[in-house]
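All values below were derived from every heavy atom in this structure, side-chain atoms included, with hydrogens, water molecules and symmetry-related copies excluded. Per chain, numbering begins at 1; letters A, B, ... match sequence-line order.
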Amino acid sequence: MRAILVRRLMTALPTMAAVILLSFLLMRVAPGGPFDAERPLDPATRAALAHAYGLDRPLIEQLGRYLLGLAQGDFGPSLVYRDFSVGDLVRQGLPVSLTLGGLALAVALPLGIAAGALAAMRPGGWADRVLMLAATIATLLPSFVTGPLLVLAFALLLGWLPVSGWGGGDPRHLLLPVIALALPTAGAIARLARAGLATTLAQDHVRTARARGLSEGRILLRHALRPALVPVASYVGPAAAGLLTGAVVVETVFALPGLGRYFVQGALNRDYPLVLAVVILYAGLILLFNLIADLLYGWLDPRAAG
Amino acid sequence: MRPGVLPLAIVAGIALAAILGPLLLPWSYDAIDWSAVRAPPLSPGHLLGTDAVGRDLLARTLAGTRVTLAVAGAAAGVALAIGTLWGMIAGWCGGRIDEAMMRIVDALYALPFMFVVILLMVVFGRSIVLVFAGIGAVEWLTMARVVRGEVLRLRHRPFILAAEAAGAGTSAIMTRHLLPNLAGVAIAYLLLTVPQVVMVESFLSFLGLGVQEPMTSLGILVHDGAEDMDVAAATLLVPGAVLVTLLVALTRAGEALRDRLAP
């Protein structure tokens with residue numbers, strides 16, 4: 001177990017370093033900048049602005065300063081939201097995005113596993129076919145299509161739920177965004193769970209359990225589910241990436257004050273420090289989730305732990 | 001009917017409509033009909049109605065589908081080229097080189113793709129060439145893994161050994177003997193890459209970071225439709241339905257082909 005973790009960290013840490021370095025350099029060699037307005041600034045103002053933000057220093061010094069700040073949790077000033085540091089925006093937005101992603105995962109996991117289990121009970125049966133077609137479609141539903149459709153149906157036509165906004169974390173405001181975000185993940189989990197279960201249910205220990213006269217439900221829960229969830233566990237990393245990416249769209253569609261929405265604004269306005277911070281932060285989060293997936297993997301299938 | 005035929009026919013139908021349709025319609029995708037703003041579907045002259053500034057929805061959807069498919073095809077081509085080359089070199093060389101190249105692929109797999117593409121868009125400006133080059137550059141990983149696996153499987157087959165014994169050079173073996181045997185599986189995965197790319201393209205365009213006005217794409221149309229859905233629901237429903245149908249059909253077709261070619 002520890003050997004796997006050490007080996008994973010050996011790849012994760014250099015990856016993280018490369019992400020920070022490359023995205024920092026990319027941002028600095030980029031043509032054009034945040035001070036390019038429709039009316040060009042006069043050179044003196046421009047120079048003063050560049051000086052104030054340290055953009056006139058040598059590249060290596062800028063990198064050094066940035067890394068030093070990063071180590072202290074300081075992501076630098078936001079170039080577009082002038083009154084805020086990027087750290088402020090992250091502290092404001094990240095909890096919203098994580099709440100959204102966490103709730104979506106909490107919905108998608110049980111939903112996906114239940115659908116997968118139901119489908120795997122009779123491979124090739126009608127429930128299997130219908131559920132797997134539904135899962136394929138759900139996996140491919142872009143949240144920027146489902147989001148507006150849900151708003152149209154439940155907020156505009158039926159008037160049951162609010163159209164958009166955070167509402168201080170009111171569950172009624174969260175329901176539609178969480179569904180739009182959870183559907184693709186639930187579909188992918190259902191497909192993986194079905195594949196895992198179909199393989200496991202055909203194995204000898206399940207046949208033995210059947211021969212001993214155990215009920216199907218008990219076999220499923222006690223004997224088949226745990227080893228069958230191995231492929232689901234290995235999906236935790238990509239799922240985290242998908243949820244964070246999806247959150248960008250869902251936050252935009254539902255006007256939620258999450259980090260993803262700041263990221264899009266930052267990208268549209270070329271707010272380098274903001275974009276850089278989000279890329280670094282999310283890369284770190286996804287690497288973390290890949291590590292968690294490895295731990296889960298070892299717990300679900302002790303043979304893999306070595 | 002064989003699995004995969006129906007989805008493939010749907011994809012072909014949509015592609016054909018997107019290519020030929022705009023030639024047959026009286027309205028171009030950016031022509032404004034001032035006499036019919038937000039016309040509902042089935043209005044005279046506008047089969048699917050018009051959008052908020054009176055542009056024909058059918059013409060716009062077809063033009064948008066065409067752009068989306070073109071970007072997706074080009075990006076998938078970039079992914080195919082990089083992935084095949086990378087996988088062939090890794091699989092053929094083996095040993096340390098293989099190990100290092102595949103480690104890089106593993107490391108890239110762990111990165112947040114969409115954010116990397118957006119980073120590229122921010123840095124190099126939003127041009128359509130960069131949209132598909134950027135997407136292609138991050139979607140090649142699965143292709144590289146699949147091709148490497150195939151090369152490893154074929155590497156010690158008698159016909160390759162015979163070619164080597166007959167004195168054929170590495171490049172000749174790769175192009176004449178390996179590539180034709182890889183093609184089937186590579187095409188199946190190419191078909192599976194296209195929906196991924198369609199998704200990325202419409203995602204970026206929806207956020208305003210991909211294809212730019214006055215050009216249009218399914219992502220832009222969904223975005224515009226979502227802005228206007230309270231008064232003209234068709235502007236959201238039509239491009240949304242085309243996008244989802246395209247994604248599902250492409251994926252089903254790709255999976256059917258893959259299952260037939262790769263056991």
Asker: Identify the two heavy atoms, one from B:Leu209 and one from A:Ala267, that lie closest to each other, and give their separation to 0.1 Å.
Answerer: CD2-CB, 4.0 Å

Asker: Does any heavy atom of chain A fall under 4.5 Å from the side chain of B:Val248, the backbone, both, or neither of them?
Answerer: both

Asker: Please state whether the side chain, the backbone, both or neither of A:Thr136 comes within less than 4.5 Å of a heavy atom of chain B.
Answerer: side chain

Asker: Within a radius of less than 6.0 Å around CD1 of B:Ile97, do more than 12 heavy atoms belonging to other residues, nucleotides or ligands occur?
Answerer: no

Asker: Give the minimum heavy-atom separation between B:Gly208 and A:Leu268, together with the two atoms involved.
Answerer: O-CD2, 3.7 Å

Asker: Kindly check if the number of other-residue, nucleotide or ligand heavy atoms within 6.0 Å of CZ (A:Phe24) is above 12?
Answerer: yes

Asker: Less than 4.5 Å to any heavy atom of chain B: does that hold for the side chain of A:Thr245, its backbone, both, or neither?
Answerer: both

Asker: Using non-hydrogen atoms and a 4.5 Å limit, figure out which bit of B:Leu243 sits close to chain A: side chain, backbone, both or neither.
Answerer: side chain

Asker: Enter the distance from A:Leu141:CG to B:Leu247:CG here, rounded to the nearest 0.5 Å.
Answerer: 8.5 Å

Asker: Let me know if A:Leu22 has heavy atoms under 4.5 Å from chain B in its side chain, its backbone, both or neither.
Answerer: neither

Asker: Checking A:Phe263 against chain B: side chain, backbone, both or neither under 4.5 Å from a heavy atom?
Answerer: side chain

Asker: Classify the ring geometry of B:Phe203 against A:Phe144: parallel below 30°, tilted from 30° to 60°, perpendicular beyond 60°.
Answerer: perpendicular

Asker: What residue, out of A:Leu276, A:Val275, A:Leu149, A:Leu285, has the most heavy-atom pairs lying under 4.5 Å from chain B?
Answerer: A:Leu149

Asker: What's the shortest heavy-atom distance between A:Leu140 and B:Met199, and which atoms?
Answerer: O-SD, 3.8 Å

Asker: Give, for atom CD of A:Gln265 and atom CG of B:Leu207, the distance between the pair rounded to the nearest 0.5 Å.
Answerer: 10.0 Å

Asker: What part of A:Thr139 gets closer than 4.5 Å to chain B, counting heavy atoms only: side chain, backbone, both or neither?
Answerer: backbone

Asker: Evaluate the side-chain proximity of B:Ser202 to A:Val145: yes if any heavy-atom separation is below 4.5 Å, no if none is.
Answerer: no

